[in-house]
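Basis for what follows: all heavy atoms, side chains included, without hydrogens, waters or symmetry-related copies. Both ligands and their constituent atoms are indexed starting at 1 by order of listing.
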Amino acid sequence: MIQLLANTRSKEYPVFLSAGAMAGAGRLWRSLGNEGKVVIITDSNVAGLHLSSLAQSFAASGASVQSVIVEAGETAKSLENTTGLYSRLFALKTRRRDAVCALGGGVVGDLAGFVASTYMRGIKLIQVPTSLLAQVDSSVGGKVGVNIPEAKNFVGTFYQPDMVITDPSLLKTLPRSQLVEGLAEVVKYCLISGEDFFANFEMSHDEFLSLNLAYVEPVIRRCIEYKLRVVSEDERDFGRRAVLNLGHSVGHGIEAAGRFELYSHGQAVALGLLAAVRLSVQVLQLPGEYPERLETLLKLLGLPVRIEGIKPAQVIDAMASDKKADDLSANMVLLRRLGEPVINCDVEAGMLRREVERLAAEA
Ligand code: GLY
């Protein structure tokens with residue numbers, strides 16, 4: 001079992017990583033000195049796959065276990081569901097010595113994490129991520145929150161979990177589209193982490209797609225380790241943590257322009273990464289080979305490299321409204337080299353517009 005340590009200003013906590021780790025969740029939780037009840041929050045897709053084994057693991061270690069199932073999908077991340085969950089926790093007599101355990105992908109992690117961070121001013125939180133996106137990114141670092149009708153993730157907190165159980169074997173039950181979607185975040189970590197990681201992933205991505213866990217586990221480990229380093233330096237996202245947003249400004253514009261239906265988060269991030277790498281060549285003299293290498297890799301992974309069904313102007317408008325300003329020129333994360341992301345890059349509005357148009361134009 002690999003044990004990584006998250007060391008943030010607000011909390012230190014272990015991330016247990018290995019195929020089969022979920023079966024040991026109860027024992028690991030107990031070994032950290034926890035004795036209270038565990039309320040597992042999961043969704044209607046994940047419940048049928050993993051809820052009973054996780055509940056059994058906690059029960060076998062002597063914990064009393066309860067579960068609450070929310071509907072699957074982004075709509076679950078609502079304030080209405082949040083208040084519903086507070087009431088369920090209250091009805092279950094959940095108190096501060098007890099824990100919420102988020103079993104699921106990014107949506108469940110964000111929702112259950114937000115509930116745990118606010119119920120009784122914060123109770124214990126365990127993250128058991130089941131999607132690739134959640135395993136490599138959202139389950140660590142403590143960003144939790146919900147949507148309001150006007151905007152995604154607009155209400156939230158920074159709330160680090162007390163334990164994360166990352167079990168790559170759970171990815172075997174993931175629909176292929178969700179696996180591929182999560183790969184966009186893996187590619188992001190390759191780009192911000194360094195040429196060696198990127199080159200290795202270019203060569204061995206098939207091993208990931210076929211879920212050869214001997215390859216998958218070290219890749220996930222490298223993503224988590226990178227994120228833990230960044231979050232230990234900048235937990236509250238005042239500066240360096242922004243490197244994790246590579247590809248996300250254009251990506252969010254694409255997601256929003258497609259009304260969060262046309263492109264999944266991962267697909268939009270893939271397109272955003274391509275735009276960011278192309279801009280990096282122009283603005284920071286990133287070596288010119290990378291846009292083509294990235295495009296080839298994204299295609300091999302089954303991620304989009306071209307926008308279809310929305311107009312570039314819609315993406316630009318969505319980006320402007322995301323920033324609540326017309327000036328699109330600041331705050332992009334770009335790359336000077338692989339492994340050398342630069343935050344707050346000044347990209348001239350015309351240049352950005354041309355790159356978004358290029359995403360829509362190229363065959
Ligand atoms: N997913 C980006 C962050 O946690 O800051």
### Message
Applying salt bridge (charged side-chain N to carboxylate O under 4.0 Å, His left out), can you list everything that pairs with R336, at least two apart in sequence or on another chain?
### Response
E340

### Message
Just to be sure I understand the cut-off, which residues have at least one non-hydrogen atom under 4.0 angstrom from an atom of ligand 1?
### Response
D137, K143, K227, R241, L244

### Message
Quick one, V140 and L4 - any side-chain contact, counting heavy atoms below 4.5 Å?
### Response
no

#### Entry: Residues E235 and K11 bridged, charged N to O under 4.0 Å
no

#### Entry: Geometric cation-pi criterion, R95 with F90: 6.0 Å, 45°
yes

### Query
Rounded to the nearest 0.5 Å, what separation is found between the NZ atom of K77 and the NZ atom of K152?
6.0 Å

### Query
F197 ring centre to R222 NZ or CZ under 6.0 Å, with the angle to the axis within 45°?
yes

